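Worksheet: one structure, shown below.
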Amino acid sequence: MQYAFFVDFDGTITLEDTCDMLLMRYGNSRLWGINEQWENKEISTRECITNCLAEMRLTPEAIHQVVREAAIDPHFKSFLAMTQEQGYPVYIVSDGYAQIIQGVLARECLQVPYYANELHYDDHYTVSFPHFAKECGRCGTCKTSLIKQLAKPGVHRVYLGDGTSDFCAAAGCDTIFARGKLAQYCRAQQIPYRDFQSFQEVLLWWETVTKG
């Protein structure tokens, strides 16, 4: 059987959500309120990010600081080595920022295809959404559409995530590793999933799969 792995970035590969890191450092009660509206599906990702960026007035140094400080799961590199050895693709699908993902991967000397929202700086930050799907409009990056594009027919799709932007995408996959809000959603919707706290659980699962 062929496999393809789709992995959320913030709070899944990273130990802390990098968007939350920015909010904690440069946010205020109004911005946390906007974020709560997004969590409650009252506003879209595009509305949330656009409103937050307008008020935070981030600088490139703020982004670079997050890139320097965002720690990754200690077993993520072993997970990548396993998938590369077996020849199975890994894709990062994120409703966060491509520049942060790119920076963290470069810092760790890793090369992984990623799909995320794009930041643009010209006196202040603006954002574009190259992977937006207008049919839904909820997320900036439509992970469901990306999975449909990237996974060939018959491939076993494995999803790893922790947040609300993972709900739809995970539900369309064959094996789900979930924690946080995604795990709560799976339980509420009676969607089978595997609980995980780190990529070590994924590696242990893979040992059982390969041993048959």
Side-chain angles (χ1 to χ4, degrees), residues 1-22 24 63-117 141 143-144 146-147 150-151 155-187 191-212:
M1 181 179 291
Q2 294 296 308
Y3 289 80
F5 294 83
F6 298 90
V7 188
D8 172 54
F9 184 74
D10 286 298
T12 300
I13 293 173
T14 58
L15 300 182
E16 188 176 359
D17 188 307
T18 60
C19 297
D20 285 353
M21 290 172 70
L22 290 170
M24 284 187 285
I63 300 298
H64 295 158
Q65 184 178 0
V66 169
V67 167
R68 289 193 297 269
E69 297 179 7
I72 67 169
D73 186 295
H75 301 283
F76 180 63
K77 289 184 179 180
S78 296
F79 163 77
L80 285 181
M82 175 272 290
T83 57
Q84 289 168 359
E85 179 183 347
Q86 299 290 331
Y88 297 134
V90 175
Y91 304 100
I92 295 173
V93 287
S94 172
D95 216 13
Y97 304 128
Q99 283 75 1
I100 292 178
I101 298 171
Q102 180 183 39
V104 170
L105 292 176
R107 187 197 72 198
E108 298 293 331
C109 300
L110 299 173
Q111 292 186 341
V112 187
Y114 59 87
Y115 302 85
N117 306 313
T141 296
K143 301 180 181 184
T144 299
L146 286 167
I147 291 170
L150 295 168
V155 169
H156 188 100
R157 296 160 295 180
V158 182
Y159 195 88
L160 295 89
D162 76 308
T164 55
S165 69
D166 302 310
F167 290 179
C168 295
C173 288
D174 303 295
T175 297
I176 303 169
F177 285 88
R179 62 185 180 217
K181 290 184 172 64
L182 177 58
Q184 295 172 14
Y185 174 79
C186 289
R187 287 195 296 270
I191 299 171
Y193 75 98
R194 294 177 176 272
D195 185 65
F196 82 111
Q197 297 306 311
S198 79
F199 280 81
Q200 185 174 32
E201 284 94 337
V202 185
L203 291 167
L204 293 172
W205 166 78
W206 187 249
E207 286 184 12
T208 65
V209 169
T210 54
K211 289 177 180 177

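Here, residue 1 is the first one in the sequence, and each next residue gets the next number. Here the structure is a predicted model, which is why all the values come from computation and not from measurement.
Gln65 and Glu69 are linked by a side-chain donor-acceptor pair at a separation below 3.5 angstrom, with hydrogens and angles left out of the test.
Between the side chain of Glu207 and the main chain of Leu204, no donor-acceptor pair closer than 3.5 Å is present. With Arg179 contributing its side chain and Asp162 its backbone, the two residues share no donor-acceptor pair below 3.5 Å. In this structure, Asp73 contributes its side chain and Ile13 its backbone to no donor-acceptor pair below 3.5 Å. Between the side chain of Arg194 and the backbone N or O of Thr175 there is no donor-acceptor pair closer than 3.5 Å. Looking only at distances, no side-chain donor or acceptor of Asp17 sits under 3.5 Å from a matching main-chain atom of Gly11. Between the Thr12 side chain and the Phe9 main chain, no donor and acceptor come within less than 3.5 Å of each other. When atom types are taken as modelled, the side chain of Asn117 and the backbone of Asp95 share a donor-acceptor pair closer than 3.5 angstrom. Using a distance-only test at 3.5 Å, with no hydrogens or angles considered, a donor-acceptor pair links the side chain of Thr14 to the main chain of Glu16.
Results of the ring pair (Phe, Tyr, Trp, His ring centres under 6.0 Å) test with Phe177 over Tyr193, Tyr159, Trp205 single out Trp205 as the only residue that passes. Applying side chain to side chain contact (heavy atoms under 4.5 Å, CB included) to Phe6 and the options Leu150, Asp166, Ile92 leaves one that passes, Leu150.
When every heavy atom of Val90 is checked against every heavy atom of Pro113, the shortest pair comes out as O-CD, 3.4 Å. In plain terms, the two heavy atoms of Ala70 and Val104 that are nearest each other are CB-CG2, 4.3 Å. Nearest approach of Pro192 to Ile176, heavy atoms of both residues: O-CD1, 3.8 Å. Of all the heavy atoms in Val67 and Gly103, the pair that sits closest is CG1-C, 3.4 Å. For the residue pair Cys19 and Gly96, the shortest heavy atom distance occurs at SG-CA, 4.1 Å. For Cys173 against Arg157, the heavy-atom pair with the smallest separation is CB-O, 3.5 Å.
Two residues are said to be in side-chain contact when any heavy atoms from C-beta on lie closer than 4.5 Å; Leu22 and Ile100 meet this criterion.
Ring geometry for Phe5 against Tyr3 counts as parallel: the plane angle stays under 30°, on a 0 to 90° scale with 60° as the upper cut. In this structure, Phe76 and Phe199 have perpendicular ring planes: the angle between them is above 60°, well past the 30° mark.
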